[in-house]
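Written below as structure tokens is the structure these notes are about.
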Amino acid sequence: MCELLSGFIVFEGLDGSGKSTQARRLEARLKAERDVILTAEPTDNPVGQLVRKVLRHQVKTTSTALALLYAADRSDHLFNPEYGIRRLLDEGKTVISDRYFYSSLAYQGVTEDFEWLKKINSYPYSEYIIFIDTDASSCIQRIEGRGEEKELFDRIEYLEKVRKNFIRVFDNLPEGVKYLRVDGSLDIETQSKIIWDFISR
Ligand code: TYD
């Protein structure tokens, strides 16, 4: 059996899928009954900040270096002795993360060797995965609607490949991981209700 981080909930989805909204809503609801921390990858820590500079085209590097940066950011996110996820879980907290290593397999999997990515991301699985499955064209529309600068991966052809990779990863999860796919075209309230039913079961 694989190592599984109990009490760790991960939201995944394409850019613009609505996953961050659902992660925040779940956090708000869980807060009433337990100690919960909402976090995200890339993180705000030094390596995560470097990743964001690459995404905003402020720093140029290779796709291989970027894959390694995501994995390094994740190692710190998980195992930092002061604020790492493992420590928070050990203290009895519930941790929700907006993205985790499944994103690396899906996004970096478009350009990098899948087995290599699995190796550099051989981190423990989360107990829960909630995949907000929104089609790539709706995601691009939402990103454009926000009026923000497009980031590195915000192209429809790329996101379509990422979605396929996500599905491949989630079709092959080890036993024990609790997985929910949510139809991202449903309204926000309906999605939240489905997620709540799943988590509180
Ligand atoms: P995103 O969740 O969109 O962050 P924010 O909402 O703060 O902008 O993540 C930023 C981008 O990074 C997004 O395009 C997905 C990509 N990404 C990867 O390619 N690999 C990874 O391992 C992670 C965590 C994110």
Side-chain angles (χ1 to χ4, degrees), residues 5 8-27 38-80 84-85 95-114 116-126 129-170 184:
L5 292 172
F8 186 28
I9 304 170
V10 170
F11 279 82
E12 289 286 4
L14 301 179
D15 305 64
S17 60
K19 69 179 165 41
S20 306
T21 302
Q22 290 302 330
R24 279 195 300 270
R25 289 174 74 101
L26 180 65
E27 181 212 11
L38 177 61
T39 180
E41 293 185 4
T43 69
D44 290 328
N45 305 320
V47 182
Q49 285 178 25
L50 180 53
V51 167
R52 287 187 191 280
K53 285 191 182 150
V54 177
L55 295 174
R56 291 184 202 125
H57 313 278
Q58 291 161 352
V59 167
K60 277 227 178 313
T61 187
T62 63
S63 57
T64 306
L66 182 59
L68 290 163
L69 288 178
Y70 276 117
D73 183 38
R74 183 161 301 127
S75 178
D76 177 66
H77 195 205
L78 274 173
F79 302 123
N80 187 293
I85 291 170
V95 179
I96 302 174
S97 184
D98 186 340
R99 298 195 186 278
Y100 187 47
F101 77 80
Y102 319 108
S103 273
S104 276
L105 302 181
Y107 279 78
Q108 280 60 61
V110 176
T111 53
E112 308 306 304
D113 177 72
F114 198 70
W116 177 72
L117 284 172
K118 281 213 301 213
K119 206 173 279 171
I120 64 167
N121 281 286
S122 53
Y123 297 115
Y125 280 79
S126 53
I129 300 169
I130 299 164
F131 176 45
I132 308 297
D133 190 9
T134 309
D135 65 85
S137 60
S138 309
C139 289
I140 293 288
Q141 271 178 17
R142 283 192 205 161
I143 295 166
E144 284 172 350
R146 285 177 194 160
E148 290 165 10
E149 282 286 304
K150 281 206 183 163
E151 291 191 335
L152 194 59
F153 302 123
D154 296 346
R155 282 186 296 114
I156 189 155
E157 305 79 24
Y158 202 96
L159 291 184
E160 272 164 358
K161 289 180 188 159
V162 172
R163 178 170 179 271
K164 282 202 184 113
N165 286 342
F166 266 131
I167 289 167
R168 170 172 157 206
V169 170
F170 297 146

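What you see is a predicted model, and the numbers here were worked out from it, not measured in a lab. Only heavy atoms go into these numbers, but all of them, side chains included; no hydrogens, no water, no symmetry mates. We're numbering straight along the sequence, starting at 1. Counting starts at 1 for both ligands and their atoms, following the listed order.
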Inset, instruction - State which residues pass ring-ring contact (aromatic ring centres under 6.0 Å, His included) with Phe101; sequence neighbours excluded, sorted by chain then number. - result: Tyr125
Inset, instruction - State the atoms of ligand 1, each with its element, that fall below the 4.0 Å cut-off from a heavy-atom position in Glu41. - result: 24 (C)
Inset, instruction - Identify which of Tyr70, Phe11, Tyr107 has a heavy atom lying nearest to atom 12 (O) of ligand 1. - result: Tyr70
Inset, instruction - May I ask you to list the atoms of ligand 1 that are less than 4.0 angstrom from any heavy atom of Pro42? - result: 9 (O), 10 (C)
Inset, instruction - Just jot down the ligand 1 atoms closer than 4.0 angstrom to any heavy atom of Arg74, in number order. - result: 21 (C), 22 (O), 24 (C)
Inset, instruction - Just go through Glu148, Glu151, Arg99 and tell me whose heavy atom is the nearest to atom 9 (O) of ligand 1. - result: Arg99
Legend entry - Side-chain H-bond candidate by donor/acceptor type, Gln108 with Ser63, under 3.5 Å: no
Legend entry - Polar contact flag for Tyr100 and ligand 1 (N/O pairs, less than 3.5 Å): no
Legend entry - Polar atom proximity, Ser104 to ligand 1 (N or O, under 3.5 Å): yes
Inset, instruction - Please could you name the atoms of ligand 1 that Arg52 approaches to less than 4.0 Å, counting only its heavy atoms? - result: 4 (O), 5 (P), 7 (O), 8 (O)
Inset, instruction - Say whether, by atom type as modelled, one donor and one acceptor occur between the side chain of Arg52 and the main chain of Pro42 under 3.5 angstrom. - result: yes
Legend entry - Close-contact set for ligand 1 against Leu55 heavy atoms, below 4.0 Å: 10 (C), 11 (C), 12 (O)
Legend entry - Closer than 4.0 Å: a protein non-hydrogen atom to atom 2 (O) of ligand 1: yes
Legend entry - Where ligand 1 meets Ser103 - atom numbers and elements under 4.0 angstrom, heavy-atom basis: 20 (N), 21 (C), 22 (O), 23 (C), 24 (C)
Inset, instruction - Identify, with sequence neighbours excluded, every residue that meets ring-ring contact (aromatic ring centres under 6.0 Å, His included) alongside Phe170. - result: Tyr102, Phe131, Phe166, Tyr179
